[in-house]
Amino acid sequence: MKKNIHIKNGHVIDPANGIDGLNDLYIADGKVAAIGAAPAGFTADQTIDAIGLIVAPGFVDLSARLREPGFEYKATLESEMQAAVQGGVTSLVCPPDTDPVLDEPGLVEMLKHRAQKLNQAHVHPLGALTVGLKGEALTEMSALTESGCIGFSHAEQPIEDTNVLLRAMQYAKTYGYTVWLRPQDAHIGRGGVAAAGPLASRLGLSGVPVMSETIALHTIFELMRATGARVHLCRISAAASLELIRKAKAEGLPVTCDVGAHHVHMTDADIGFFDSNARMDPPFRSQRDRDAIRLGLLDGTIDALCSDHTPVDDDEKLLPFGEASPGATGLELLLSLTLKWADDYASLQDTGAQRPLSRALARITSEAARVAGLDAGTLSVGATADVVLFDAGAHWTVERSALASQGKHTPFLGYNLAGQVNTTIVAGHVAFQR
């Protein structure tokens, strides 16, 4: 049952509406009823004292693998939805690389139904761009959209046949769909496990060169010019790629992009002595690339930060680096890694009127929602009451026992990070309270 909730004495930050200061927030009927003074006739069923806490819109995560259906041995919907609300994430965009692949309306409806029954975060699936992600026949995009898909992706599978991608983008443009692509050449860097460069050579690891990403981007931009399709680029990893995206945006192409939160802080040097927790796709690159990502977030070239949450079980992670499955848990780290960027970098730059914390939160709230076309990421009156209360100064140690996700692997294991979620409210009901 939805309660009337009064959140008092909190520091409300809503980047979408330029709100940043001490305020009370009122929730009624699952919606934001007012900020500041109580609406007429409001009676609170529950009062939450948010003194010392930030009150913000629930986080919107553009890439979270929940591992259902098909990979329940890695994670379940229950465990990952719990991890989401524990991390303040109230809206999740899920790639289609489940088993079976999300290429049929029935599978999408089943996933949406399972998620709704758990009554935690909102789940927004991406449909497969081609049947079985094989890169051959296009899926029934209109039927998948009706079943709840918000866009179409090829997950980690590059499309070898450019003609197929052209047809997919023509179809998407006709119906106004967004195509989500991780730019990677189908051949260059195939089978690589680390960023090509001196470090990979020294460690004897097969490399993925930057041109694997940039060649794919050139192709995508040419197809965008030809079709006018809207494209979202997922998890950019290189400085050269960001330069191309900057030019494409200046040209007026309808393109947006995101970056994984781990890539904002880690470089290829963090592989250390073959630490398989640092085995990621795309791989961590040089310090120059990492610094370009940090700057790209600041100047708006990068629209959003995502957790790139990819739970991997011990059997697939505790292997030699080259054999280990790529991926890391990220839902519960998204807030801390975003705050770390704000502290490390945004605070050192001249950000004009917008304070570093508000600017950082925009990348995981209003900006991420805009990219995904979701009515979320804001505390506007009348908006769905997805709200997170967190202590920006509370420190926690990243340990296996601290993570609700079934995936316990992250390159940040052992790190002490700032930022801990106190309460997560989804559509007006308290889904998590520490």
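For clarity, every value in this text was computed on a predicted model and none was experimentally measured.
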- Message: Assess the residue pair Y415 and E399 against the criterion (side-chain hydrogen bond (donor to acceptor under 3.5 Å, both in side chains)); give the C-alpha distance rounded to whole Å, side-chain angles, the decisive distance to 0.1 Å, and a yes or no.
- Response: CA-CA 8 Å; Y415 278 63; E399 297 171 315; over 6 Å; no
- Flag, side chain of T76 to backbone of S79, donor-acceptor distance under 3.5 Å: yes
- Message: So for atom CG, which belongs to D291, do other residues, nucleotides or ligands contribute more than 12 heavy atoms lying within a distance under 6.0 Å?
- Response: yes
Listing, residues 144-152 side-chain donor-acceptor contacts under 3.5 Å, not counting sequence neighbours, or none:
{"unit_1": "T145", "atom_1": "OG1", "unit_2": "M141", "atom_2": "O", "d": "2.8"}
{"unit_1": "S147", "atom_1": "OG", "unit_2": "L144", "atom_2": "O", "d": "2.7"}

- Note on the structure: Sorted by chain and residue number, the side chain to side chain contact (heavy atoms under 4.5 Å, CB included) partners of S366 (sequence neighbours excluded) come out as P15, A16, A362
- Between R363 and D303, does at least one N-O distance fall below 4.0 Å, as a salt bridge requires? no
- Message: Taking atom CD as the centre, does E78 end up with more than 12 heavy-atom neighbours from other residues, nucleotides or ligands that are less than 6.0 angstrom away?
- Response: yes
- Message: Looking at R246 and E243, is any side-chain nitrogen of the basic one under 4.0 Å from a carboxylate oxygen of the acidic one?
- Response: yes
- Mark yes or no for whether S241, through its side chain, and S237, through its backbone, hold a donor-acceptor pair below 3.5 Å. no
- Item | Any donor-acceptor pair under 3.5 Å from D61 side chain to A64 backbone | no
- Tell me, with the steps shown, if E72 and R67 meet salt bridge (Lys or Arg N to Asp or Glu O under 4.0 Å). CA-CA 6 Å; E72 287 83 356; R67 294 308 198 190; over 6 Å; no
- Message: Determine whether T384 and D386 satisfy the following criterion, side-chain hydrogen bond (donor to acceptor under 3.5 Å, both in side chains), listing intermediate values before the conclusion.
- Response: CA-CA 6 Å; T384 301; D386 296 335; 5.4 Å; no
- Task: Search all heavy atoms of A261 against all heavy atoms of L305 and return the closest pair with its distance.
- Result: CA-CD2, 3.6 Å
- Query: Can you say whether the rings of Y175 and Y177 are parallel (under 30°), tilted (30 to 60°) or perpendicular (over 60°)?
  - Reply: parallel
- Is it true that atom CZ of R400 has more than 12 heavy atoms of other residues, nucleotides or ligands lying nearer than 6.0 Å? yes
- Message: Can you list everything that forms a side chain to side chain contact (heavy atoms under 4.5 Å, CB included) with H187? Sequence neighbours excluded, please.
- Response: E160, D185, R190
- Is there side-chain contact between V179 and K173, with at least one heavy-atom pair below 4.5 Å? no
- Task: List for me each residue that meets side chain to side chain contact (heavy atoms under 4.5 Å, CB included) alongside N416, sequence neighbours excluded, and say none if there are none.
- Result: H395, T397
- What closest approach, in Å, do P326 and V312 show between heavy atoms, and which atom pair accounts for it? O-CG2, 3.6 Å
- Once you round to the nearest 0.5 Å, how far does CD of Q406 lie from CG of L77? 11.5 Å
- Would the number of heavy atoms belonging to other residues, nucleotides or ligands and lying under 6.0 Å from CG of D375 be above 12? no
- Consider only side-chain N and O atoms of D314 and H409, and report whether a donor and an acceptor are under 3.5 Å apart. yes
- Task: For side-chain hydrogen bond (donor to acceptor under 3.5 Å, both in side chains), just list the numbers for N17 and S380, CA-CA rounded to whole Å, side-chain angles, deciding distance to a tenth of an Å, and then say yes or no.
- Result: CA-CA 7 Å; N17 292 305; S380 301; 2.9 Å; yes
- What's the shortest heavy-atom distance between H262 and G330, and which atoms? CE1-CA, 4.2 Å
- If only atom types and distance count, is the side chain of D270 paired as donor or acceptor with the main-chain N or O of T267 below 3.5 Å? yes
- Query: Does atom NZ of K249 have more than 12 heavy-atom neighbours from other groups under 6.0 Å away?
  - Reply: yes
- Okay, side chain of K317, backbone of S325: is any donor-acceptor separation there less than 3.5 Å? yes
- Task: Would you check, one step at a time, whether the test side chain to side chain contact (heavy atoms under 4.5 Å, CB included) holds for E316 with K74?
- Result: CA-CA 9 Å; E316 293 184 10; K74 295 183 185 184; 3.1 Å; yes
- Query: Would a distance-only check, ignoring hydrogens and angles, find a side-chain to backbone donor-acceptor pair under 3.5 Å from Q420 to F390?
  - Reply: no
- Message: Side chains of T410 and N277, heavy atoms from C-beta outward: is any pair under 4.5 Å?
- Response: no
- Under 3.5 Å, is there a donor-acceptor pair linking the side chains of S405 and E80? yes
- Task: Might you point out which heavy atoms bring P283 and H263 nearest each other, and give the distance in Å?
- Result: O-NE2, 3.5 Å
- Pair N422-D391, side-chain donor/acceptor within less than 3.5 Å: no
- Message: Tell me whether H232 contacts the main-chain N or O of V255 through its side chain, where contact means a donor paired with an acceptor under 3.5 Å.
- Response: no
- Task: Please determine, by modelled atom types, if W180 and S63 share a side-chain donor-acceptor pair under 3.5 angstrom.
- Result: no
- Heavy-atom donor-acceptor pair, R359 side chain to L298 backbone, under 3.5 Å: yes
- Message: What I'd like to find out is whether the side chain of L217 reaches to under 4.5 Å of the side chain of F221, using heavy atoms alone.
- Response: yes
- For residues 83-92, the side-chain hydrogen bond (donor to acceptor under 3.5 Å, both in side chains) pairs (sequence neighbours left out) are Q86-E332
- Item | Short side-chain to backbone donor-acceptor contact, E213 and I236, under 3.5 Å | no
- Under the 3.5 angstrom rule, does the side chain of T338 hit a backbone N or O of L334 as a donor-acceptor pair? yes
- Is there a side-chain contact between I48 and L389, using heavy atoms and a 4.5 Å cut-off? yes
- Assess whether side chain to side chain contact (heavy atoms under 4.5 Å, CB included) is satisfied between F412 and M266, documenting all intermediate values. CA-CA 9 Å; F412 288 95; M266 294 276 175; 3.6 Å; yes
- Item | side-chain hydrogen bond (donor to acceptor under 3.5 Å, both in side chains) partners of residues 123-134, not counting sequence neighbours, each pair once | T130-H154
- Taking the side chain as every heavy atom from C-beta outward, state whether E156 and R235 have any atom pair closer than 4.5 Å. yes
- Task: Any chance you could lay out the salt bridge (Lys or Arg N to Asp or Glu O under 4.0 Å) test for D97 and R65, step after step, and finish with the verdict?
- Result: CA-CA 8 Å; D97 51 352; R65 287 174 169 82; 3.0 Å; yes
- Stepwise, does the salt bridge (Lys or Arg N to Asp or Glu O under 4.0 Å) test hold for K408 with D313? CA-CA 8 Å; K408 305 296 183 186; D313 66 334; over 6 Å; no
- Query: Would you say T310 and T329 make side-chain contact, with heavy atoms under 4.5 Å?
  - Reply: no
- Query: If every non-hydrogen atom of V60 is compared with every non-hydrogen atom of A368, which pair is closest and at what distance?
  - Reply: O-CB, 3.5 Å
- Do you know which of I220, I188, V210 makes side chain to side chain contact (heavy atoms under 4.5 Å, CB included) with I215? I188
- Query: When you check the side-chain N and O atoms of H11 and D20, is any donor under 3.5 Å from an acceptor?
  - Reply: yes
- Query: CG of L181 to SG of C257: how many Å apart, nearest 0.5 Å?
  - Reply: 12.5 Å
